[in-house]
Amino acid sequence: MIERIIAWSATKAVNQLYGGKIDPSSVVVQKTKPDFEGDFTVIIFSLVRFSKKSPETTGDELGSYLLEDISFISSYNVIKGFLNLTIRNEYWIEFLTDHFCLPDYGFIPVDENQPVVVEYSSPNTNKPLHLGHVRNNLIGWALSEILKANGKRVYRVNLVNDRGIHICKTMLAYKKWHPEEIPSFAGIKGDKFVGQLYVQYEQAAKKEREGLVAAGLTEEEAYRQSPLTREALELLNRWEEGETGVRELWHTMNQWVYEGFDQTYRRLGITFDKIYYESDTYLLGKELVNEGVEKGAFFKKDDGSVWVDLGANNMDEKLLLRSDGTSVYITQDLGTAQLRFDEFNPGQLLYVVGNEQIYHFDVLKVVLKMLGREWADRIVHVSYGMVELPQGKMKSREGTVVDADDLMDEMYQTAKKTTAALGKLDNPDDHEWQELFEMLGMGALKYFILKVDPRKNMLFNPEESIDFNGNTGPFIQYTHARIRSLLRKAAAKGFSGTDLKTDQPVELHPKEKEVLRLLNDFPGIVAEAGKNLSPAIIANYCYELAREYNQFYQEIPVLREKDQNKLVLRLALSSFTGDVLRRAMGLLGISVPEKM
RNA sequence: GGUCUCGUAGCUCAGUUGGAUAGAGCAACAGCCUUCUAAGCUGUGGGUCGCAGGUUCGAGUCCUGCCGGGAUCACCA
């Protein structure tokens, strides 16, 4: 990368000229601001302590050194403490020629060592997927793609929460109020069907508790004495004992849910290499806890419950096993972490889980460390922010959730309406159009979510439909379609970017140079997104590249250009941009169309 | 209350390890299609980067305090 070469040379200069002892990481090289002359800028301020001269003089001395040292620098200027360097056009043209046909430009070949396990999605089987899950899935998917582009072998895994008290509640609701019914009968997706049962249970249970509280009980007493709660708990016991009838119903209802989930996943474009079920893993981790007790890392209370004291890490005591010997949430997470470590020997274990579980993962890592599992350091909690509505957080119980399927349907409709409004829709029933609407709708949705820094909470307003103009998925998809169209026309006229030759001197328009500079950034962007685990970096890069290309497209003729050398160069530039856009959007799980 | 996190234009968001005059989009207004796709491009207006200190050549970015929002601290998951 060009910045690195400059930084390296500047380092040499400081060390040779001034007897400094610095390494390239302490030299800041950035793009020159548009208002100044030059392409790249070296910040001089931090280097004057070695030269013991004014920033201007130092900049001047370094400038002439770099001019001498690096052949692709054509000139420099110094303003205050900024050394601005101008790159020769030949460099850019050579860069274009060398890279525009490379199918893997910016990506690193996959190394099988040190794989990365990425857990994401991890749904409960008592509620349909909503916008929050969508964010989780998209981040998990995109991160996996980005890590692959960074040369990692990636395993995508899902841990489905298919057991527990909440599932028993839906079973109870089914038995009580809807026996014999099946989703296909009711004409709805299986996950929706089961989700409704859960809501029905919660409403009934709430009413029941309110009645008991009105009769003078405290909230907690009311919860414990509620007949529905007792029945649900009883069902849980019978499930754990493996009672056939209970297990059968449980299995049937979960299948309904999976059929529904599969549809949603398919439409989102989400897949997994391995799916774990909590019904298989929930007993894991008990041996680890016992091991900790034996080692004296954990302790048993009189009632038989097992705890760990995290006081040394500035945390509280944490329960690891209940007094009746059953697991809690973290018990099984200890076990599954060990399982995955044994299965994959990963260099990194990523968990894409909401930021409400930060504490949980902090505890998990500390406890594993106390058990002598040094690989606990390889666990990374990719904690993403909540999707909020204008009224605040989404709450399943209050019905203030944005359903994933509904949202995707709306996106499709918006794509259709927008296309029709532009007068492009000649044949609405055509299969190709329908595919395009789906691509655009999903592109708009995915981009909308992924362009935001995953760590931050974000807002979604259902009243305002997701935009198709400006900094959006369809804008980038449009840019790609435009480029493809241009290339088709060029091919029809017998031109191709591959006709490009380096030995012919060609001037570069500032817009061309700007696009090239961005294309030159791509490998660095991929690396940065991998390092920061942030698809948003890719999304924002796509936007910047598309915007810059559109400016170029608007200002400069390509096929109408009379000078063939220029024409071919612009075709290569366009083709390169189209490929990078397609592949960068691919990292986000977004497809781009040939025409739109 | 303890811990963590966020606060940038009317709204939604960018802003690499501190660097030049803080950027986009949406919304508003004004322009550009006999010419490669106008889902585009150009221009105008819009900011005490929550507040107050500190660190230094330089702070939206780092430190401290305060204000405001959110999360979390369960024999729930």
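Computation of the quantities below employed the complete heavy-atom set of this structure, encompassing side-chain atoms and omitting hydrogens, waters and symmetry-equivalent molecules.
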Distance, P atom - from B/rC13 to B/rG7, rounded to whole angstrom
11 Å
How far does the P atom of B/rG70 sit from the matching atom of B/rU8, given to the nearest Å?
15 Å
Using a heavy-atom cut-off of under 4.0 Å over every strand shown, decide if [X] touches base, sugar-phosphate, or nothing.
| X | result |
| --- | --- |
| A/Asp521 | nothing |
| A/Ile44 | nothing |
| A/Ile165 | nothing |
| A/Tyr329 | base |

Pair assignment for RNA chain B - dot-bracket with | for other-strand partners, Watson-Crick or G-U under 3.5 Å:
(((((((..((((.....[...)))).(((((.......))))).....(((((..]....))))))))))))....
Sorted by number, residues from residues 477-487 of chain A placing a heavy atom under 4.0 Å from RNA chain B are A/Tyr478, A/Ala481, A/Arg482, A/Ser485, A/Leu486
Quick one, which residues of residues 121-132 of chain A touch RNA chain B with a heavy atom under 4.0 Å?
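Those residues: none at all.
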With sequence neighbours excluded, residues passing salt bridge (charged side-chain N to carboxylate O under 4.0 Å, His left out) with A/Arg135:
none
All N/O pairs under 3.5 Å across the protein-nucleotides 27-35 of chain B interface:
residue : atom : partner  : partner atom : Å
B/rU35  : O2'  : A/Arg560 : NH1          : 2.8

Using the purine O4'-C1'-N9-C4 or pyrimidine O4'-C1'-N1-C2 torsion, is B/rC33 syn (within 90° of 0) or anti?
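For B/rC33, whose glycosidic angle is within 90° of 0, the conformation is syn.
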Give me, pair by pair, the N or O atoms of the protein and of nucleotides 7-13 of chain B that are less than 3.5 Å apart, along with how far apart they are.
residue : atom : partner  : partner atom : Å
B/rC13  : OP1  : A/Leu459 : N            : 2.6

Basic-acidic side-chain contact under 4.0 Å: A/Glu231, A/Lys169:
no
Let's see if you can work this out: which of B/rG19, B/rC75, B/rG25 has an atom nearest to the side-chain heavy atoms of A/Tyr543?
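Looking only at side-chain atoms, A/Tyr543 lies closest to B/rG25.
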Judged by each residue's nearest nucleotide on RNA chain B, which is more toward the 5′ side, A/Leu436 or A/Ile79?
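The residue closer to the strand's 5' end, by nearest nucleotide, is A/Ile79.
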How many whole angstroms separate atom CG of A/Leu571 from atom C1' of B/rC36?
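These atoms are roughly 10 Å apart.
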Tell me whether the ring of A/Phe45 lies stacked over the B/rG19 base, given a 5.5 Å limit on centroids and a 30° limit on the plane angle.
yes
